[in-house]
Amino acid sequence: MSSSGTGTELQAPSPDTAAEKAAAFTQENWPTKDFGLIPIPERLQYNPIKPFHFGILLNVSFGFASTFIVANLYYCQPLLIEFSKSFNVTYEEVSRIPTLIQAGYLVGLLLISPLGDLVRRRQLVLLLVMSSIAITVGLAISSNLQVFETLSFFIGMASVTPQILMPLAVDLAPPDRRASALSVVLSGLMLGVLIARVLAGVIGNFTTWRVVYYMSIGVQSLVLIGAYLILPDYPAKNRDMTYLQILFSMAKYAVTEPLVVQVALINIASSAGFTSFWVTLTFLLGGPPYYYSTLVIGLFGLVGMLGVFVAPFAGRVIDKLIPWYATLIATSGLLVFQAVQTAAGGINVAAVIIACFGLDVARQSQQISMTTRVLSISSTARARLNAILILSLFIGQVMGTSIGTEVFVQHGWRACSLLMLALQGFQILILLLRGPHCPRKRWFGYEGGLEARKWVVMEREKAQCHSEVQHDPEAQKEAPMKSGEGEQPDKS
């Protein structure tokens, strides 16, 4: 396991292998240009002897990029009425636009994000951002609904850059800062979801909807310039695999890895409950006993935004714990705050405010801890593993939107909240099937104990590895991780 936290491919060399790696590096003659044309700044060129430093600037830049790329998926939502007027079509016709964007995003998750395990990620990110800028130009100047709908599908496909950056952040960050690094990128992603609707609504209200896309071109251009200037170049992973093998192995991970299946089930239930809460909140606050205006209801989104800013601090706490315990605490928080909403959400607005903030913080913390666990399975398969997690989240969102709305309309707010409460309980049940140190290939059990402190487990593993080396010098070359959460090579 890499002591530098950059994954198997990016390990800092030990003194006895530095000369060999330097020789290999010279022989390989790693490219100094992007796409064979554009020079890569020398400080960003790959050098196995001097691993690139993952600092706060790069981490925040990942978050910034995630914010304004994922926003492409949500700019359209407050602008549908303006689209219908501009294209001179019905509301029903423009309602296809958000669906097409989400469909494109789903295709991008399935077919593009796994490329992070196959090609050089600097070039992949630059190509995706350039593509999204070009497509956004088309959206801004389009005067035909059919063309706009086609481009909407492609902008969804090209907006998977955050799903390349999340595994890359885990690769680059030191082992003791991986959850913190991941939390910054996730916070940026969630901020993009929230801020896109606000920006589009405000700009569209005072100008034309096209200005929203002109603004998007500008901020994405900043992302492109920033990516060129600060994103390091690293070798491609899995050079011996083809694209089809990458896709097949992703499907294999989704059904044969116990931890992946467990976390995907939890993610589906959690995403369904979280999405249902926010979708039905409009119905709850717009009806009795509140009768709030659309503006006031929109302000509740700011409460959720506070939870986004708390997430990086949660990441620091998660870094000090075994991720299983962080997931248990966060899931228990979801259960508690959903119980508050179930008890008094339709009676007192204070309960709604508490639930808004608490559910958002707990959900963010849960996602950070679960992603940290899953991405530790294999340093060479992180893009595929992350794609599986995001797909499970996507499935949960669809379920939460449809089922939550149906139950609320048919049976009221409390019945809907009780259903979401049951989903939170289901998550804890699934989590408790496998203990914090359950071996990777074991579906059930608590083998390995219940120790919650990460530093204690790490010291125990170091002592065990030292003992193995003393008895078997060959073990020094392998020093396998005994914990079920340790990184493993990709054998798919």
Side-chain angles (χ1 to χ4, degrees), residues 2 4-13 18-69 72 108 112-137 157-173 181 185 188 216-240 243 380 382-383:
S2 169
S4 66
T6 57
T8 304
E9 297 285 343
L10 311 174
Q11 292 177 3
E20 296 176 8
K21 289 198 174 184
F25 174 63
T26 303
Q27 293 169 4
E28 187 177 25
N29 191 22
W30 188 255
T32 58
K33 294 183 178 181
D34 287 323
F35 313 110
L37 298 171
I38 308 170
I40 303 173
E42 187 174 349
R43 70 183 187 282
L44 302 177
Q45 294 175 16
Y46 174 63
N47 188 336
I49 311 304
K50 296 173 63 177
F52 195 84
H53 173 66
F54 185 76
I56 187 65
L57 174 62
L58 186 57
N59 200 176
V60 172
S61 299
F62 279 23
F64 176 84
S66 297
T67 297
F68 289 104
I69 296 298
N72 290 329
I112 297 177
S113 60
L115 286 172
D117 288 335
L118 189 63
V119 302
R120 292 160 60 195
R121 286 167 288 180
R122 174 183 164 90
Q123 281 66 43
L124 180 58
V125 169
L126 292 175
L127 182 61
L128 284 172
V129 177
M130 285 190 289
S131 299
S132 65
I133 292 173
I135 296 168
T136 306
V137 171
M157 283 186 65
S159 296
V160 295
T161 301
Q163 311 315 327
I164 307 299
L165 294 177
M166 284 169 59
L168 181 57
V170 175
D171 276 350
L172 297 177
V185 184
S216 177
I217 294 168
V219 294
Q220 288 182 90
S221 298
L222 290 177
V223 171
L224 179 62
I225 294 170
Y228 175 77
L229 293 177
I230 67 174
L231 191 62
D233 191 28
Y234 278 106
K237 301 179 178 182
N238 308 297
R239 298 183 189 181
D240 58 333
Y243 178 61
T380 58
R382 285 180 175 144

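Just so it is clear, the model here is predicted, and its values are computed rather than measured. Hydrogens, waters and symmetry mates are skipped; everything else that's a heavy atom, side chains included, is used.
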Within this structure, what is the CD1-CG distance for the pair Ile135 and Asn72, rounded to the nearest 0.5 Å? 9.0 Å
Is there a side-chain contact between Pro41 and Tyr228, using heavy atoms and a 4.5 Å cut-off? yes
Measure from the side-chain N and O atoms of Asn238 to the backbone N and O of Leu118, and report whether any donor-acceptor pair falls under 3.5 Å. no
Nearest-0.5 Å distance, OG of residue Ser132 to CE of residue Met157: 12.5 Å
Worked check of salt bridge (charged side-chain N to carboxylate O under 4.0 Å, His left out) between Asp233 and Arg120: CA-CA 7 Å; Asp233 191 28; Arg120 292 160 60 195; 2.8 Å; yes
Indicate the atoms forming the closest heavy-atom contact of Val185 with Ala169, along with that distance. CG2-CB, 4.0 Å
Under 3.5 Å, is there a donor-acceptor pair between the side chain of Thr161 and the main chain of Val125? no
Who pairs with Ile225 by side-chain contact (heavy atoms from CB on, under 4.5 Å), at least two apart in sequence or on another chain? Leu229
Taking the side chain as C-beta and beyond, is there a heavy-atom pair between Leu168 and Leu231 under 4.5 Å? yes
Answer yes or no: is there a side-chain heavy-atom contact under 4.5 Å between Lys237 and Arg121? yes
Find the distance between CD1 (Ile112) and CG (Leu128) and round it off to the nearest 0.5 Å. 6.0 Å
Tell me the closest heavy-atom pair linking Ala158 and Ser131, and the distance in Å. CB-CB, 4.4 Å
Between Leu172 and Pro232, is there a side-chain heavy-atom distance shorter than 4.5 Å? yes
Within this structure, what is the CZ-CG distance for the pair Phe62 and Leu57, rounded to the nearest 0.5 Å? 10.5 Å
Applying salt bridge (Lys or Arg N to Asp or Glu O under 4.0 Å) as the test, list every pair that has at least one member in residues 122-133; sequence neighbours left out. Asp34-Arg122
Can you see whether Asp117 engages Thr380 through a side-chain donor-acceptor pair at a distance of less than 3.5 angstrom? no
Would you sort out whether Leu165 and Ile69 count as a side chain to side chain contact (heavy atoms under 4.5 Å, CB included), showing the intermediate values? CA-CA 11 Å; Leu165 294 177; Ile69 296 298; over 6 Å; no
What closest approach, in Å, do Pro167 and Gln163 show between heavy atoms, and which atom pair accounts for it? CD-O, 3.1 Å
CE/Met166 to OG/Ser113 distance, rounded to the nearest 0.5 angstrom? 10.5 Å
Spatial distance of atom CG (Leu224) from atom CG (Leu126) [nearest 0.5 Å]: 6.0 Å
